[in-house]
Every structure is written in structure tokens, then in C-alpha cells.
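So that the names make sense, note that chain A is the first sequence line, chain B the second, and so on, each numbered from 1.
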There are 2 protein chains.
Amino acid sequence: MAQFSSELDGVLAALADPTRRAVVRRLGGGPMSVGDLAREFPMTLPSFMKHVRTLEANGLVRTVKSGRVRTCELRRGRLALVDDWLAEQRRVWEARTDRLERLVTDPKEERR
Amino acid sequence: MAQFSSELDGVLAALADPTRRAVVRRLGGGPMSVGDLAREFPMTLPSFMKHVRTLEANGLVRTVKSGRVRTCELRRGRLALVDDWLAEQRRVWEARTDRLERLVTDPKEERR
DNA sequence: CGAAAACTGTGCCATGAGGCTAAGCATGCT
DNA sequence: AGCATGCTTAGCCTCATGGCACAGTTTTCG
């Protein structure tokens with residue numbers, strides 16, 4: 001995956017895949033083994049495992065192996081990164097509408 | 001871009017790139033021409049244009065050409081798709097904690 | 001012990017993303 | 001008209017992604 005300029009890159013890229021989003025959703029209901037998860041998707045286990053690894057590499061999921069079973073658990077906190085970015089965008093946008101507001105109510109306020 | 005199983009795929013993929021996120025952020029402050037935007041990024045115009053097209057293809061930006069200048073404008077509403085998905089995740093997770101709650105307060109409630 | 005279960009590792013392939021250069025328009029300015 | 005500006009198009013390159021098959025490895029169970 002090259003290397004991300006920010007963690008958000010990886011998190012968003014990880015979520016930009018329907019299989020991986022489905023896994024996140026499924027794990028929202030509680031931990032599950034790789035095998036149980038995989039059974040719900042139309043692809044081979046090795047292919048599926050790559051998705052799990054991607055999610056793990058980007059901190060969206062934690063996995064532990066006990067015996068021959070690897071269990072996956074959602075790391076909800078990670079989604080906050082996305083939330084935060086969205087919130088920032090909203091702030092940027094609001095700062096702008098504020099400027100427009102001021103411009104309308106008091107035209108000479110404009111600068112730059 | 002193959003074809004996305006859901007619009008979210010495309011939107012998230014589009015946002016999973018620092019250049020494109022920066023463009024979105026920049027446009028949060030108001031519309032700008034492709035040229036003005038491009039000047040802020042260390043890449044050639046054709047490369048940059050691809051990013052703009054990607055954003056446009058996924059509905060995050062609207063562009064109009066007037067004369068020889070193409071102006072880009074943010075389509076804020078599109079980010080709601082991401083918001084909605086996050087909200088759904090939260091719902092899934094909360095449904096689960098509710099089940100756990102009930103289990104603790106009234107153990108015989110458990111089913112499946 | 002021997003076989004089944006549940007991953008894991010390796011290697012291969014096709015596609016697409018993100019960059020670049022080099023031309024090629026269309027528009028605007030003088 | 002002639003030149004500069006501002007995108008566009010085309011073609012090419014490299015690397016990452018998402019799949020696959022097939023061959024291990026480690027546990028677990030009878």
C-alpha cells in the first residue's frame with residue numbers, strides 16, 4: 001500500500017471496498033472468527049484474508065489467534081478519524097458562510 | 001474505475017487520496033478555477049485534472065467551463081453519504097451493546 | 001497416530017490508479 | 001493577426017489491488 005501520507009488515507013481506502021465495509025458492519029455485532037466471516041463472502045479464503053489484513057493494518061480491526069482460529073474484533077475508535085475529518089470540513093464550510101453572512105449584513109467588512 | 005457496487009465505494013475511494021481531500025477542503029472556502037487549485041499541488045496539470053475528474057465523477061464536486069476557465073465547486077451534500085454510513089455503523093454497534101445490557105440485567109433474555 | 005479443520009504462504013495474473021511528457025485546441029489580449 | 005493562457009487529449013510507464021490456485025502448517029479430535 002505504498003505508505004500513507006496520513007492514517008486517514010489508509011482508513012478511507014480500507015473502507016472504500018464493499019467487502020471490507022461489510023466486515024466492519026458484521027463485526028459491529030461482536031467478534032467473529034475469520035472462517036465464520038469468510039463464509040458469508042463469495043471468494044476464497046486467501047482472498048478474504050487479505051481484506052482482513054488490510055482492515056487490521058489500518059487499525060479498523062484487531063485479531064488474535066487462539067489455537068487454529070483467528071478471531072476478529074472491531075476497533076470502533078478508528079472510525080472517529082473519518083468523523084473528525086468530516087467535522088473539519090463542516091467547520092471550513094461554516095467559516096465561509098459566516099464570511100458571506102458578514103458580507104451581506106455589513107459589506108465593507110470584506111478583506112481578501 | 002470498474003463500476004462501484006454502491007456510490008459509497010466511489011466516494012470513499014475518491015476521499016482516500018490526500019490531494020483530493022485537500023481539494024475538497026480548499027473548495028470548502030468557495031469555488032475556484034482548476035488552474036488556481038492546481039497551482040497549490042506539486043504535480044502537472046493533466047495529473048491534477050484527473051483528480052478533479054474523479055471528484056466530479058463521484059459527485060463531490062461540480063465543474064463548469066466558462067470561456068477557457070473551468071471552475072470547481074464543492075457539492076457538500078455528497079459527504080452526507082459518508083456520514084450516513086458512519087451513523088449506521090453506530091446503530092449496529094448500539095444494538096449490540098443494548099443486547100449486552102439486557103443480558104446483564106436479565107440473563108434469561110438471551111436467544112441465539 | 002492419522003485425518004480433518006482453519007488458517008497461512010507463495011506465486012501468478014488482470015486491471016486500474018496516479019504520474020509524466022508532448023501535442024493539441026479554444027479563448028482572450030494587444 | 002499573432003501570441004499567451006488555460007485547459008484537453010493521447011500515449012506511456014510503474015506499482016498496487018483484488019482475485020485465483022495450490023501447497024503448506026498448526027491444532028484438534030477420534
Main chain of B:Leu60, side chain of B:Asn58: is a donor-acceptor contact present, judged purely on distance under 3.5 Å?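 Not confirmed, B:Asn58 side chain does not pair with B:Leu60 backbone.
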Measure [atom1]/[X] against [atom2]/[N] and give the value in whole Å, please.
X: A:Arg39; N: C:dC7; atom1: CZ; atom2: C1'; answer: 12 Å
X: B:Phe41; N: C:dG19; atom1: CZ; atom2: P; answer: 11 Å
X: B:Leu45; N: D:dT8; atom1: CG; atom2: P; answer: 9 Å
X: B:Asp9; N: C:dA17; atom1: CG; atom2: P; answer: 12 Å
X: B:Met32; N: D:dC7; atom1: CE; atom2: P; answer: 12 Å
X: B:Leu55; N: C:dG18; atom1: CG; atom2: C1'; answer: 14 Å
X: A:Asp36; N: C:dA6; atom1: CG; atom2: C1'; answer: 11 Å

For A:Gly67 and A:Lys50, find the nucleotide of DNA chain D closest to each by heavy atoms; which residue's nucleotide sits nearer the 5' end?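 The 5'-side residue here is A:Lys50.
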Between B:Arg53 and A:Met43, name the one whose nearest nucleotide on DNA chain D is closer to the 5' end.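 First, find each residue's nearest nucleotide; the 5'-ward one identifies B:Arg53.
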If you take atom types as modelled and just measure distance, does the side chain of A:Arg68 reach the base of D:dT26 with a donor-acceptor pair under 3.5 Å?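 Looking at the base of D:dT26, it does not pair with any donor or acceptor on the side chain of A:Arg68 (distance under 3.5 Å).
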Taking for each residue the nucleotide of DNA chain C bearing the nearest heavy atom, is the 5' side occupied by A:Met49 or by B:Pro46?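 Nearest-nucleotide comparison on DNA chain C picks A:Met49.
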Does [N] have OP1 or OP2 under 4.0 Å away from a side-chain N or O of [X]?
X: A:Thr44; N: D:dC20; answer: yes
X: B:Arg70; N: D:dT8; answer: yes
X: B:His51; N: C:dA17; answer: no
X: B:Arg20; N: C:dG18; answer: yes
X: A:Lys65; N: C:dT8; answer: yes
X: A:Ser47; N: D:dC20; answer: yes

Can you tell me if B:Arg70 has over 12 outside heavy atoms packed within less than 6.0 Å of its CZ?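 Buried by this count: over 12 neighbours within 6.0 Å.
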Working for side-chain contact (heavy atoms from CB on, under 4.5 Å), residues A:Gln89 and B:Leu15: CA-CA 12 Å; A:Gln89 287 326 111; B:Leu15 295 177; over 6 Å; no
Value rounded to 0.5 Å, distance of CG in A:Leu55 from OG1 in A:Thr19: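 If we round to the nearest 0.5 Å, A:Leu55:CG and A:Thr19:OG1 are 10.0 Å apart.
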Residues A:Arg21, B:Asp9; criterion side-chain contact (heavy atoms from CB on, under 4.5 Å); working and verdict: CA-CA 9 Å; A:Arg21 264 190 336 269; B:Asp9 284 41; 2.6 Å; yes
